[in-house]
S.K.: 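Sending over a structure as structure tokens; questions will come in a sec.
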There are 2 protein chains.
Amino acid sequence: MQRRPTLADVAERAGVSRALVSIVMREAAGASEQTRERVKRAADDIGYRPDPRARRLRQLRTNLLGLTFAAGQEFHADLVDGVYVAAEALGYDVVLSAVTPHRDEVRAVRTLVDDRCEGLLLIGPAQRAGRLAELADRVPLVVLARRVRGVDAVRSDDVAGARLGVEHLLGLGHRRILFLDGGGAPGAVERLRGYRRAMQHAGQPELIRPGGLTEREGAAAASAIVASGEWPDAVFAFNDRCALGVMDVFIRSGIAVPQDVSVLGYDDSALAGLAHINLSTLRQDAAGLAAGAVQRLVGRLEGPADGRDERAADLVREPQLIARQTTAPPTR
Amino acid sequence: MQRRPTLADVAERAGVSRALVSIVMREAAGASEQTRERVKRAADDIGYRPDPRARRLRQLRTNLLGLTFAAGQEFHADLVDGVYVAAEALGYDVVLSAVTPHRDEVRAVRTLVDDRCEGLLLIGPAQRAGRLAELADRVPLVVLARRVRGVDAVRSDDVAGARLGVEHLLGLGHRRILFLDGGGAPGAVERLRGYRRAMQHAGQPELIRPGGLTEREGAAAASAIVASGEWPDAVFAFNDRCALGVMDVFIRSGIAVPQDVSVLGYDDSALAGLAHINLSTLRQDAAGLAAGAVQRLVGRLEGPADGRDERAADLVREPQLIARQTTAPPTR
DNA sequence: TTGTATGCGTTATCAC
DNA sequence: GTGATAACGCATACAA
């Protein structure tokens with residue numbers, strides 16, 4: 001027998017009906033303990049594993065959650081992990097669909113819809129809000145790590161995070177705090193707003209330069225700072241990668257961190273925690289965000305039928321300040 | 001009609017049989033051009049998309065390739081992209097299964113087998129060779145980026161890569177070349193061997209220290225070097241991350257790269273190419289490796305029935321030297 | 001060229 | 001508690 005054993009094979013071997021095997025495999029009610037034992041033995045003996053395709057085909061529901069993510073991005077990976085955990089706890093399976101250089105988001109979403117996922121989770125989607133709203137109109141959808149008008153979203157409170165960061169630096173005694181903006185990246189507007197509000201509230205001047213998302217851009221910004229000859233007390237970078245680029249250029253230029261300038265990142269990526277880097281940063285609660293998104297999506301799926309016209313939710317979670325070695329009181 | 005349209009709905013709307021719709025949707029022979037047109041129109045009108053589950057259930061083959069990978073790892077992401085591309089070219093779909101902190105490899109593999117994938121692609125699996133051989137015995141399997149005895153594997157030629165690196169440094173005029181070993185990591189044994197062979201061939205003394213896979217370990221190794229007071233001409237690190245740790249400590253210690261010491265990495269990760277880092281390194285051809293693995297796997301699936309006892313293949317591809325700014329002729 | 005009938009592996013409904 | 005039977009959406013052999 002080259003083909004894989006089916007439920008019918010188990011039934012034959014155990015000498016019971018297929019219906020009973022189904023009941024036993026699903027741990028459903030309606031079978032005696034003795035029968036259960038026999039069926040399980042038979043299933044194990046021939047190495048039977050239920051076919052999810054056939055199961056989902058027969059059931060009205062697929063119990064499938066589709067998830068798009070950018071392969072290779074650390075923060076996305078953390079969210080994927082969290083989604084797996086949260087979905088399993090609620091009895092759902094997860095179908096992954098990666099966004100890569102040769103496979104765009106539209107395509108990633110299409111495969112998930114074709115696979116009959118009941119709901120979609122999109123991590124940091126790049127599509128414009130209008131498209132996402134259209135999509136959300138056709139299939140239950142929750143966006144992760146980005147705010148989209150008219151669509152359910154779960155994300156960090158970037159305004160609060162940036163404010164936390166500024167308050168940390170102010171608390172250390174810094175005054176001239178330079179913010180490196182993230183341009184059009186998700187969360188950039190909010191982080192900038194948080195910075196500005198906190199600085200205004202403290203009565204300090206706003207120092208803002210274009211930063212970016214990568215080490216390269218951070219390095220460029222730092223070079224500009226060095227060239228200007230006028231250093232700030234502290235640099236608050238849009239994210240960790242940008243902060244690393246800044247630190248790299250500073251150190252090569254003989255500017256000590258944190259003695260001469262404090263540097264603060266955002267994301268608490270894996271690099272930030274390394275012993276020789278020890279970057280102070282703000283941590284987003286990936287597991288919490290993932291759980292929140294899954295719960296929201298499942299809530300829509302299992303909620304009251306009249307809830308479909310419910311207004312889109314925008315769930316935010318507070319980031320957490322991780323003070324390491326790159327921020328310290330001014331030494332001057 | 002809340003439920004999704006089925007093939008039968010299309011048939012009804014187009015006024016033809018379901019078999020004809022099936023023929024048209026599969027682009028199979030046996031339908032007139034006129035009918036094709038009408039069916040396609042009807043399908044588009046009601047937004048019909050075939051159900052892959054039902055399709056695969058009916059067919060003897062699923063045309064599914066299962067792929068495990070570590071979410072968040074850049075090199076894995078490159079391979080995932082390559083697998084998507086190569087699989088599509090051969091008419092296969094890819095099912096992703098991530099290995100994360102809360103989801104181990106065994107589990108990732110199980111879901112793929114349950115989903116009736118015809119063959120499995122494992123990127124850098126952590127299981128010991130014996131387990132993998134057992135698995136390969138039950139399902140067609142190709143391991144990517146690791147060598148496993150008795151199992152099909154596609155990987156870079158790490159011996160050749162290390163040799164290339166050493167020859168590059170020798171060619172620049174360096175003699176005292178220190179190699180930072182990767183311990184038990186995949187490819188570590190081969191890279192060490194390549195280094196030793198090249199050094200022996202050149203009649204130079206072998207300088208070997210324990211390195212590691214991360215910035216942290218690279219930094220530790222560099223600290224030891226600095227403390228010893230005796231610098232080599234060049235440091236050849238097990239991988240880019242290790243090399244970055246080395247450079248970080250060197251620069252902080254006032255040792256200029258490449259003026260005082262050349263540093264060579266391995267992997268050509270995204271960080272290596274950044275303007276302010278510009279790490280010389282060895283590039284693995286991710287797309288080529290992925291394509292090779294997919295071709296090998298599909299070859300097994302579609303190959304002659306008597307080929308199942310074929311000996312396991314070990315396909316290697318040559319890495320490529322990327323000479324950037326961290327390696328240069330000695331200035332002394 | 002087109003239509004009919006059957007089965008893929010499972011679950012759900014109904015009898016017994 | 002247990003078993004027969006239909007149905008999920010689709011593809012295929014075969015008949016028309």
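Chain identifiers are assigned alphabetically (A, B, ...) following the order of the sequence lines, protein sequences preceding nucleic acid strands; residue numbering begins at 1 within each chain. What you see is a predicted model, and the numbers here were worked out from it, not measured in a lab.
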S.K.: Considering residues at least two apart in sequence or located in another chain, which fulfil the side chain to side chain donor-acceptor pair (under 3.5 Å) criterion with A:Arg61?
M.R.: A:Tyr92, A:Glu118
S.K.: Is any side-chain heavy atom of B:Leu120 less than 4.5 Å from a side-chain heavy atom of B:Thr68?
M.R.: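 Of all side-chain heavy-atom pairs linking B:Thr68 with B:Leu120, none is under 4.5 Å.
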S.K.: Taking CD from A:Gln59 and C1' from C:dG9, how many angstroms apart are they, rounded to a whole number?
M.R.: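 It is 12 Å, rounded to the nearest whole Å.
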S.K.: Identify, residue by residue, the members of residues 107-118 of chain A with a heavy atom below 4.0 Å from DNA chain C, and return them in order of residue number, or none.
M.R.: none
S.K.: Side chain to side chain donor-acceptor pair (under 3.5 Å) with A:Arg110: which residues, sequence neighbours excluded?
M.R.: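 Checked A:Arg110 against side chain to side chain donor-acceptor pair (under 3.5 Å); zero matches.
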S.K.: Check the distance between C:dT1's P and B:Gln34's CD and give it to me in whole angstrom.
M.R.: 12 Å
S.K.: Do B:Met25 and B:Tyr48 have side chains that approach each other closer than 4.5 Å (heavy atoms only, starting at C-beta)?
M.R.: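 A side-chain contact under 4.5 Å exists here.
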S.K.: Give the C-alpha distance, both sets of side-chain angles, the deciding distance and a yes or no for side-chain contact (heavy atoms from CB on, under 4.5 Å) between A:Arg4 and B:Val113.
M.R.: CA-CA 11 Å; A:Arg4 294 190 53 164; B:Val113 173; 3.4 Å; yes
S.K.: Just checking, any donor-acceptor pair under 3.5 angstrom between side chains of A:Thr6 and A:Arg18?
M.R.: no
S.K.: Rounded to whole angstroms, how far apart are CG on A:Leu60 and C1' on C:dT13?
M.R.: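 Taking CG of A:Leu60 and C1' of C:dT13, I get 13 Å after rounding.
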S.K.: Could you walk me through whether B:Val148 and B:Leu122 satisfy the side-chain contact (heavy atoms from CB on, under 4.5 Å) test, starting with their C-alpha distance in whole Å, then the side-chain angles of each, then the deciding distance to 0.1 Å, before giving a yes or no?
M.R.: CA-CA 11 Å; B:Val148 181; B:Leu122 271 39; over 6 Å; no
S.K.: With A:Asp314, which residues qualify under salt bridge (charged side-chain N to carboxylate O under 4.0 Å, His left out), at least two apart?
M.R.: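 Only A:Arg147, A:Arg155 meet the salt bridge (charged side-chain N to carboxylate O under 4.0 Å, His left out) criterion with A:Asp314.
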S.K.: Decide if atom CZ of B:Arg36 counts as having more than 12 heavy atoms of other residues, nucleotides or ligands within a radius under 6.0 Å.
M.R.: yes
S.K.: Atom CG of B:Leu57 to atom C1' of C:dG7: distance rounded to whole Å?
M.R.: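 Whole-Å distance recorded here is 9 Å.
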S.K.: Indicate whether OP1 or OP2 belonging to C:dT1 is found under 4.0 Å from a side-chain N or O atom of B:Ser32.
M.R.: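 Looking at the OP1 and OP2 atoms of C:dT1, neither is under 4.0 Å from any side-chain N or O of B:Ser32.
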S.K.: Taking atom P of C:dT11 as reference, at what distance in whole Å does atom CG of A:Asp51 sit?
M.R.: 9 Å
S.K.: With the side chain counted from C-beta on, respond yes when B:Arg103 and B:Thr111 share a heavy-atom pair under 4.5 Å apart, and no when they do not.
M.R.: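 Yes; the side chains approach each other to less than 4.5 Å.
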S.K.: Do B:Arg116 and B:Leu64 touch side chain to side chain, with heavy atoms closer than 4.5 Å?
M.R.: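 No, side chains not in contact.
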S.K.: Kindly write out the residues that satisfy salt bridge (charged side-chain N to carboxylate O under 4.0 Å, His left out) with B:Glu37, not counting sequence neighbours, or none if the list is empty.
M.R.: none
S.K.: 5' to 3' on DNA chain D, which nucleotides open and close the contacts with chain A (atom under 4.0 Å from a heavy atom)?
M.R.: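 Under 4.0 Å from chain A, the extent on DNA chain D is D:dG1 to D:dG9.
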S.K.: Take a 6.0 Å sphere around CD of B:Glu12 and say whether it holds more than 12 heavy atoms from other residues, nucleotides or ligands.
M.R.: no
S.K.: Of the residues in residues 24-31 of chain B, which ones touch DNA chain D at a heavy-atom distance under 4.0 Å?
M.R.: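 Nucleic-acid contacts, sorted: B:Arg26.
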S.K.: May I have the step-by-step check of side-chain contact (heavy atoms from CB on, under 4.5 Å) for B:His102 and A:Glu88, ending in yes or no?
M.R.: CA-CA 11 Å; B:His102 290 94; A:Glu88 179 176 16; over 6 Å; no
S.K.: Could you tell me whether the side chain of B:Pro50 reaches within less than 4.5 Å of the side chain of B:Leu7, counting heavy atoms only?
M.R.: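 No - every pair of side-chain heavy atoms lies 4.5 Å or more apart.
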S.K.: How long is the gap from CG on B:Asp152 to CG on B:Leu144, to the nearest 0.5 Å?
M.R.: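 The distance works out to 11.5 Å.
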S.K.: For nucleotides 3-6 of chain C, tabulate all protein N/O to nucleotide N/O atom pairs closer than 3.5 Å, reporting atom names and distance.
M.R.:
unit_1	atom_1	unit_2	atom_2	d
C:dG3	OP2	B:Ser17	N	2.9
C:dG3	OP2	B:Ser17	OG	3.2

S.K.: Taking five pairs at each end of the helix from C:dT1-D:dA16 to C:dC16-D:dG1, what angle separates the two helix axes (nearest 10°)?
M.R.: 40°
S.K.: Checking A:Ser17 now: which residues fulfil side chain to side chain donor-acceptor pair (under 3.5 Å) with it, not counting sequence neighbours?
M.R.: none
S.K.: Using heavy atoms and a sub-4.0 Å distance, could you list which residues of residues 35-43 of chain A are near DNA chain C? By number, please.
M.R.: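 Correct list: empty, so none.
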S.K.: How would you label the contact of A:Pro52 with the nucleic acid (heavy atoms, under 4.0 Å): base, sugar-phosphate, or nothing?
M.R.: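 Result for A:Pro52 = nothing.
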S.K.: Only counting residues at least two apart or in another chain, list the ones meeting side chain to side chain donor-acceptor pair (under 3.5 Å) with B:Asp93.
M.R.: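 Side chain to side chain donor-acceptor pair (under 3.5 Å) check on B:Asp93 returns B:Arg56.
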